[in-house]
There are 4 protein chains.
Amino acid sequence: MQRARTDDAKDERRQALLSAALEVFVEKSFAAARMDDIARAASLSKGTVYLYFSSKEDLFEAVLRNVALPKVEHIENLMRDAPSVGEALDGIGLFVPHLIRETALPRIIKLLISESGMFPEIVQSYREDVLDRLLGGVTGLLARAKAAGEIEVGDPALAARLVAAPIAFSALWSVVFETVPEARVDIDALMAMHVTHLKRALGVIEEVSA
Amino acid sequence: MQRARTDDAKDERRQALLSAALEVFVEKSFAAARMDDIARAASLSKGTVYLYFSSKEDLFEAVLRNVALPKVEHIENLMRDAPSVGEALDGIGLFVPHLIRETALPRIIKLLISESGMFPEIVQSYREDVLDRLLGGVTGLLARAKAAGEIEVGDPALAARLVAAPIAFSALWSVVFETVPEARVDIDALMAMHVTHLKRALGVIEEVSA
Amino acid sequence: MQRARTDDAKDERRQALLSAALEVFVEKSFAAARMDDIARAASLSKGTVYLYFSSKEDLFEAVLRNVALPKVEHIENLMRDAPSVGEALDGIGLFVPHLIRETALPRIIKLLISESGMFPEIVQSYREDVLDRLLGGVTGLLARAKAAGEIEVGDPALAARLVAAPIAFSALWSVVFETVPEARVDIDALMAMHVTHLKRALGVIEEVSA
Amino acid sequence: MQRARTDDAKDERRQALLSAALEVFVEKSFAAARMDDIARAASLSKGTVYLYFSSKEDLFEAVLRNVALPKVEHIENLMRDAPSVGEALDGIGLFVPHLIRETALPRIIKLLISESGMFPEIVQSYREDVLDRLLGGVTGLLARAKAAGEIEVGDPALAARLVAAPIAFSALWSVVFETVPEARVDIDALMAMHVTHLKRALGVIEEVSA
DNA sequence: CATGAATGAGTCTTCATTCAT
DNA sequence: GATGAATGAAGACTCATTCAT
């Protein structure tokens, strides 16, 4: 491998390592992942990894710190700025398939679940920093809509979980089972149905899109 | 430790080991679990484990083979024999909290997810033998109700996933996050809401219980 | 297994164990032999072995102490009492095939060789008590014959080794290689030739047997 | 330890390991030898051995594969090209003491004998590839000489064994018993006598060396 | 006496980490 | 900066030995 002299080149290499590490940690779990696997997945040698991360655990933490977090704010804003629950749900229905197919989200979720026993603090802080904020965004949206008489719902915090569950479920299903073609699920159709069901369940009146 | 002379005593010890192993595998993942941990969790010494299981992997497979499987038929039957979708859903709403709080289901799900990368065949066969059958049971129930004009729904197979998702979600949440009190969720309430939402979404007409 | 109440029954069991142990030690070496193998080869259970021998090493030593030793005196006497070198050699030629095919000698030799590194004292004392005496017997025979002008030979002690070598060679070959039929050697013919060669080499004048 | 960067340095280390392993296997037997012993004998650490050999068994097989084999052809040629049986035997008489004192042959023989029970295939293939060829070389020599009326002998294949036996005997004696000074044998004298005896036994007419 | 379940010391093997090149 | 050889701590597994039954 060439040497990375500039800071940019170093950042690039760091990113390559993080992304290789995510892949390998997800595939094998933290304990079973070998530094060598990760190094090779990033086309580097074992020793080089230690130039960028001080230990396997450090690398693991960096993986969780560096992915997906930017999205949180984005989604919080989407929830806050949505003109109506209906449109917010439509947005979710359209956005989630992309989230599942193209982003690291499913793998991050799987990793969090897998390592919750070994890294409880990391996982709890992830829950606080990411999951609670996302659920909080949806909760807020539903609470405002409920207050506005737009929807009919019990505890918005619980309802937010019902909104999130099929998303998490699909994300997990995709990483866990879809290595095999017969387990494949049509996520677009599933999410479309999820949104339809939610609207019916919440009593969202469908506005006619002119 | 006392010695297990009779076959019954040996079976008991086997069960104790399986249950200790499930605990440790769930907590640490297969790779990070030490046979010694498992042995001590069952109040045995390391060597004794090998009198009952020939290897760590054998023990792991036995753990998956020995739990939850009996329940599958039970639930399949429930779905098949349900007099109506509404009652079936009510049944689910009442049964699931028990399932999540009292049985190994949540831990098994977590384990399956965690080890899907390391034991793909085991995990896929579990999907076929357990998950597909459970989802198939719900799918059948919904398909029959749809044919009878009882409910309004698109593809029953997808809808079955929407039925299952909050159950899986809650199960996972309970093992992954509920080690910490502030992450606790009221599963009874959540499931009650889930059933309510489902009935509304599917257009189930609530019969008045005389 | 029945209990051995009488002393005779106990001795029998001891012998069975010694003979099973010889077999297993020869087949696998001391280190690789498992007490369980030996016990089962004697149709006993593992624990029972410890009623007769205090440890694996004790059993090993007993094996070497209890076999073949009686023969030594017998052979010493044969050598001492032989009326002539020719007849002594004839006796060897007739006796050795039996020794190799029917007695434990070949296995004992193999065992001594195998364990010479792990049990140097045992092996050296075996050499002194058995091998040196046997070689000494032959050496004495040759020395007397030389003194009597019966044969022509250099150092009788060296010549004794030339007498012994093909015997040891055949014994070893039989345990080491003759598990496979294509390695089989006609020991009677080989020993006959050995005796013929020895007589010619030593210049033994063949008396005509009336 | 210094690091072996070049292929040459690695080959050197491999050789050092093979030779350390031979020593330790011979001393203790395969089963009783610890990888750590071997590593230390080669001034390396335990882990390093596994950079060169994938397992203890792999190392063992490599030990047998890498020694003595070159000599076989050499000796085959000597036998084939010998101008006369007498000279061939003289050659053996002079060469064997070197073989026994300076080469790995005695240790290899001991190892083969010791491990014949645990590695029957390896040992049989060694017999075919090495011993049978060596014995075959001598057999051929004797058969040619017999056909030429040079010597008087029965079955040359058996006679070859009588040629080999004192060599094997001495080789074994040297590894097995000569750790102790009082067991030492004068191999040169023994071999000289062996050759003398063989010539007499075969009726080789001693040519006068001008 | 006989058994075989239980134990834990001992050994092979892996792999995170270091460091000479 | 990059490499991969070397290291040794850690963990799976075996088996001699003990001892409750």
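The sequence lines fix the lettering, A, B, ..., with proteins before strands; numbering per chain opens at 1. Heavy-atom basis, side chains included; hydrogens, waters and symmetry copies ignored.
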Mate of E/dT11 where both pairing distances stay under 3.5 Å, Watson-Crick or G-U: F/dA12
Toward the 5' end of DNA chain F, by each residue's nearest nucleotide, B/E57 or C/E57: B/E57
Atom pair CD/CZ of D/E61 and D/F53 - distance to nearest 0.5 Å: 11.5 Å
Nucleotide nearest D/S45 when distance is taken to its side chain, options F/dT17, E/dT13, F/dG8: F/dG8
Residue mapping more 5' on DNA chain F - nearest nucleotide basis, D/L51 or B/F30: D/L51
Interatomic distance, D/M35 CE vs E/dC15 C1' [rounded to whole Å]: 16 Å
Proximity to the side chain of A/L44 - top-ranked nucleotide from F/dA5, E/dT11, F/dT3: F/dT3
Whole-Å gap separating P (E/dG4) and NZ (B/K10): 9 Å
Length of the line joining C/I38:CD1 and F/dC15:P, which is rounded to integer Å: 12 Å
Listed nucleotide nearest any side-chain atom of B/R3, set E/dA2, E/dA5, F/dG11: E/dA5
Touch class at under 4.0 angstrom, heavy-atom based, for B/R5 against every strand present: base
Closest to side chain of D/Y50, choosing from E/dC12, F/dG4, E/dG4: E/dC12
Candidate pair A/L64 and A/F119, rule side-chain contact (heavy atoms from CB on, under 4.5 Å), full reasoning: CA-CA 11 Å; A/L64 288 189; A/F119 300 95; over 6 Å; no
Under 3.5 Å donor-acceptor, C/E115 side chain and C/F30 backbone: yes
Short side-chain N/O contact to E/dA5 OP1/OP2 from B/T48, under 4.0 Å: no
Protein-nucleotide distance (C/F25, atom CZ; F/dC15, atom C1'), rounded to Å: 13 Å
Touch class at under 4.0 angstrom, heavy-atom based, for B/K46 against every strand present: base
Flag, side chain of A/K56 to backbone of A/A33, donor-acceptor distance under 3.5 Å: yes
Closest-nucleotide ordering on DNA chain E, the 5'-leading residue of B/Y52 and D/S55: B/Y52
Length of the line joining D/D37:CG and E/dT11:P, which is rounded to integer Å: 8 Å
For atom CG of D/D7 and atom C1' of E/dT21, their distance in whole Å: 15 Å
Whole-Å gap separating C1' (F/dT3) and CZ (A/R13): 12 Å
Atom-to-atom span, CG of C/D36 to P of E/dA2 - whole angstrom: 16 Å
Partner nucleotide of F/dA5 by Watson-Crick or wobble geometry (both distances under 3.5 Å): E/dT18
Inter-residue atom distance C/T48.OG1 - C/R13.CZ, 0.5 Å rounding: 7.5 Å
Main-chain N/O of B/V26 paired with B/K110 side-chain donor or acceptor, under 3.5 Å: yes
Touch class at under 4.0 angstrom, heavy-atom based, for D/A33 against every strand present: sugar-phosphate
